[in-house]
Amino acid sequence: MTLQLNHIKKDKDMTKDYLLELNPEQKKAVETTKGALLVLAGAGTGKTRVLTTRIVHLLKSGEAAPHQIMAVTFTNKAATEMKERVSSLLDGVPVASWWVGTFHSLSARMLRRHADRIGLNSNFIILDIDDQQRLLKQIAIDIGIDVKKWNPKLLASIIDGWKNKAKRPKDISFDDVLDIVDGKMLKIYEIYQARLKSLSACDFGDLLLHMIEILKDPKNKDILDLYHDQFRYMLVDEYQDTNVAQYLWLRLLAQKYKNICCVGDDDQSIYGWRGAEINNILRFEKDFLDAKIIRLEQNYRSTPQILQAANTLISHNNNRLGKELWSAEKMGEKIHLQNVWDSKQEAIEINAEIKKLKQVNLNNIAILVRAGFQTREFEERFMTTNLPYRVVGGLRFYERAEIRDAIAYFRLLIQPADDLAFERIINKPKRGIGKATIGNLHAFAKENNLSLYAASLELVKKQALRPKLLIKLKEFIDNFESWRMQMSEIPHSELAENILNESGYIDMWKSDKSIEAEGKIENLKELVGAIAEFENLHSFLEHIALVMETQKNINQDMVTIMTLHAAKGLEFDYVFLPGWEEGLFPNQKAIDEGGIKSLEEERRLAYVGLTRAKKKAYIFHASNRQIFGNWTDCIPSRFISELPEDLVEAKSDSGFYRGHKSCNLSHFDNSTDTNRAYISTNTVNTKEKTGNFQAGVRVKHSKFGTGTILTADGDKLEISFDTAGRKKIISRFVEIIS
DNA sequence: GTACTCTCAGTTTTT
DNA sequence: CTGAGAGTAC
């Protein structure tokens, strides 16, 4: 194969990406090291591009053909980008057959080939969280578990946790199940796995676990040999976020040639809750004995200000391998820190700051939030001001109810044994088949060891139902039989359209007069359009199970709103970080569950957020936030006080925000027409308690009040608060002015 | 079996 | 505050 390096795009950035980020020695190591290589590299040092460099070298030198390289990325999007980048650097590489993808998508691809070795139908469906939880709920109810106390979500997370650790039911020890779910958790797990098998289904964890099981079994040595022989080089991105199951999977496949190159940054490990094992990095040297380790500490992304702020922040973590990033980039602006009244104002202020960045392409601006619900406020604001935006993650296209319903129709068509799909759509649109009938169907199916679909077929044939019901059920079955006939005859997108029309599903939404109905019909049209881009319904369903994202409006200039987790690996010129408040970020629930370990993970998340910014980072914290409809006071995040003060430019609405000091309004009395507010200093975020002092302030009796008070120490305090008709004590964040 | 009302729990983060 | 699930009346 002759592949030429001079096919590098002339694009300046691309050249930079490829050449500048490694010094010659490192570049040589990355390109030519045989055996295990671990690249420990900080944010913005070009980790992902290390992988690209290596792949390009392997292909260019002819050391490996495309299909002999496996590259594992963290997201499917990253996989697509990697393919695009490599093929733009090298002409004539057939991208389609590449083994580039996430652990799950790669493993699914293998499992389809070898499912028969563990008695699994190779057409297995991949369950989404929704299916998984519904199934678990059924099981829990069946064996008499109080689903209110042990909700399916919790059950699912326990099973996921086990699967992340590569524990199958037989690997669960007594200690693991002590005290959880009335001691019945293991039983649930066992039944769950059995049900999955009878449904010809896998959940996400199974995609890896089944493959591990196959590869480990000496009976299947031929398969292991096959892949050992095929994958001469393996590369893994975001290695710090691999869990035990992924690690075992990787080790099984890499153990022969040990040509494995992992790239990661312990400071960016943010998936501990999903079983990510930082120990995988430490273990690496033990498992691959002469592993070479490269450290990359020069950051090519951010200004020195951003980088130093991030360095200082992360230095508060005790548990880290330790490194200090440096940058040769030119000096930029300080971190912008701003306090706002509430989340509504936060959106208004951020909108205003974005408007100020007139000459900046909106694609270079991002808002990174800690939790999904924070996006709502921004969406509402941007909608009214006509600022184009996209929300990444959040309510995903394929997770919408109408899309899931439609997909259930397709699933049932392809896999009649898919009871979960059957149950989802049997009465959508309404066919007069309710709880009672479904209960009967279940009983009949169980008795005769049939799927719900097969049971219906049988009952219709025997005419063993009430006349009205019989007609409806027959119609349902007949529809499916006729669609199945059409499968080989008409294009699949046309078939999909027929299904939605003939089933009455589209009509159901057309006759719905709610505001959302129109949008749902639009979504369904979009779905049919998306199907057309796939070879067949099978590959479409595989895509949605694993990818879950549609990439629309990708060419339009828009501000990106997403979670910090979703921002991993990305970069933007201007990054807005709202909601830096105790409880939200660091997240209280995380700390409650995981203590100091989780707090450090939250801090890494903050580090990830800051280091996404190339030119400027903006941090916001609100004084008040509505949680479940209740107003709650918010104290600035401790992470704010962990930033170096000289690199932060603080701004408040009043323009008097000084340093990081804050006070709380501890009493508020509006029983008379002039209000009296009592202030106590509680400088939580500077850790220096200056003692309580109280002082009164007179403010106008209005919904929102501001005022200035003179404290006993001679400090002037400016306060603002809302009365909202409340007489009780409210405490509010106030700013110090000197 | 359906349509309506009422109660109550839920907001981390995702392949 | 919202959405799911239970409870109630037809």
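Letters go in sequence order (proteins before strands), and every chain restarts at 1.
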Can a side chain N or O of [X] be found less than 4.0 Å away from OP1 or OP2 on [N]?
X	N	value
Thr563(A)	dT14(B)	yes
Asn427(A)	dT2(B)	yes
Lys153(A)	dT14(B)	no
Thr437(A)	dG1(B)	yes

Take atom [atom1] of [X] and atom [atom2] of [N], then tell me their distance rounded to the nearest Å.
X	N	atom1	atom2	answer
Lys344(A)	dC1(C)	NZ	C1'	13 Å
Arg134(A)	dA4(C)	CZ	P	13 Å
Glu377(A)	dC1(C)	CD	C1'	12 Å
Leu605(A)	dT13(B)	CG	P	11 Å
Asp130(A)	dT15(B)	CG	P	16 Å
Asp128(A)	dT15(B)	CG	P	13 Å
Ile591(A)	dT13(B)	CD1	P	16 Å
Phe585(A)	dT13(B)	CZ	C1'	11 Å

Ring centre gap for Tyr271(A) and His565(A) strictly below 6.0 Å: yes
Check whether the ring centres of Tyr227(A) and His114(A) lie less than 6.0 Å apart, and answer yes or no. yes
Across the strands shown, which category fits [X] at heavy-atom distances under 4.0 angstrom: base, sugar-phosphate, nothing?
X	value
Gln374(A)	nothing
Tyr271(A)	sugar-phosphate
Phe103(A)	nothing
Ala371(A)	sugar-phosphate

Quick note, Asn76(A) side chain, CB onward, closest among dT15(B), dG5(C), dT14(B) is dT15(B)
Where the side chain of Ala436(A) is concerned, which of dG1(B), dT15(B), dT11(B) is the nearest nucleotide? dG1(B)
Just wondering, do Leu207(A) and Leu546(A) contact through their side chains at under 4.5 Å, heavy atoms? yes
Which residue, Phe373(A) or Leu469(A), contacts DNA chain B at a nucleotide closer to its 5' end, judged by nearest heavy atom? Leu469(A)
Starting from the 5' end of DNA chain B, give me the residue, Arg370(A) or Thr75(A), whose nearest nucleotide shows up first. Arg370(A)
Keeping Glu601(A) on the side-chain end and Gly272(A) on the backbone end, is there a donor-acceptor pair under 3.5 Å? yes
Under a 4.0 Å threshold between the charged nitrogen and the carboxylate oxygen, would Arg168(A) count as salt-bridged to Glu213(A)? yes
